[in-house]
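Okay, structure first, notes after.
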Amino acid sequence: MDRAGISYSQDDVRWLVTQIEKLKPFDDVIEALKKLNKRYKLLILSNGDRDMLENAKPHIGFKFDQTI
């Protein structure tokens, strides 16, 4: 937002982060993950911070084997 010249407050930043944590995958993604999980272990690989990832997990709708 800084680079785009958009003014914001810390409350705006907190709100935005909580919305990112609540994102859900498309339904067909969940179905594909279930099929893949029959043969493979699945994990989340992200450069996001651990707290954000942990808060996002309940909204994903799929339990991964590991988070890195």
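Side-chain atoms are counted along with the backbone in the values below, which use heavy atoms only and exclude waters and symmetry mates.
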[atom1]/[X] to [atom2]/[Y] distance, rounded to the nearest 0.5 angstrom?
{"X": "Lys63", "Y": "Leu33", "atom1": "NZ", "atom2": "CG", "value": "14.0 Å"}
{"X": "Asn47", "Y": "Ile68", "atom1": "CG", "atom2": "CD1", "value": "13.0 Å"}
{"X": "Met1", "Y": "Arg3", "atom1": "CE", "atom2": "CZ", "value": "12.0 Å"}
{"X": "Asn55", "Y": "Ile20", "atom1": "CG", "atom2": "CD1", "value": "12.0 Å"}
{"X": "Thr67", "Y": "Arg50", "atom1": "OG1", "atom2": "CZ", "value": "6.5 Å"}
{"X": "Leu16", "Y": "Glu21", "atom1": "CG", "atom2": "CD", "value": "10.0 Å"}

NZ (Lys57) with more than 12 external heavy atoms under 6.0 Å: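 Counting other residues, nucleotides and ligands, NZ of Lys57 exceeds 12 neighbours.
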Audit row: Leu43, Asp65, side chain to side chain contact (heavy atoms under 4.5 Å, CB included) steps and yes/no: CA-CA 5 Å; Leu43 57 92; Asp65 297 298; 5.6 Å; no
side-chain hydrogen bond (donor to acceptor under 3.5 Å, both in side chains): pairs with one or both residues in residues 8-17, sequence neighbours excluded: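 Sorted result for residues 8-17: Asp2-Tyr8, Ser9-Asp12, Asp11-Arg14.
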Minimal non-hydrogen separation, Pro25 against Ile30, with atom names: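 Answer, listing the atom of Pro25 first, then Ile30: CG-CD1, 3.6 Å.
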Contact summary for Glu54 and Pro58, nearest pair of heavy atoms: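 Shortest heavy-atom contact: O-CD, 3.4 Å.
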Cluster overlap Leu23 with Leu45, hydrophobic side-chain contacts below 4.5 Å: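 Cluster IDs for Leu23 and Leu45 differ.
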Sequence neighbours excluded, every pair satisfying salt bridge (Lys or Arg N to Asp or Glu O under 4.0 Å) that has a member inside residues 29-40: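 For residues 29-40: Glu31-Lys34.
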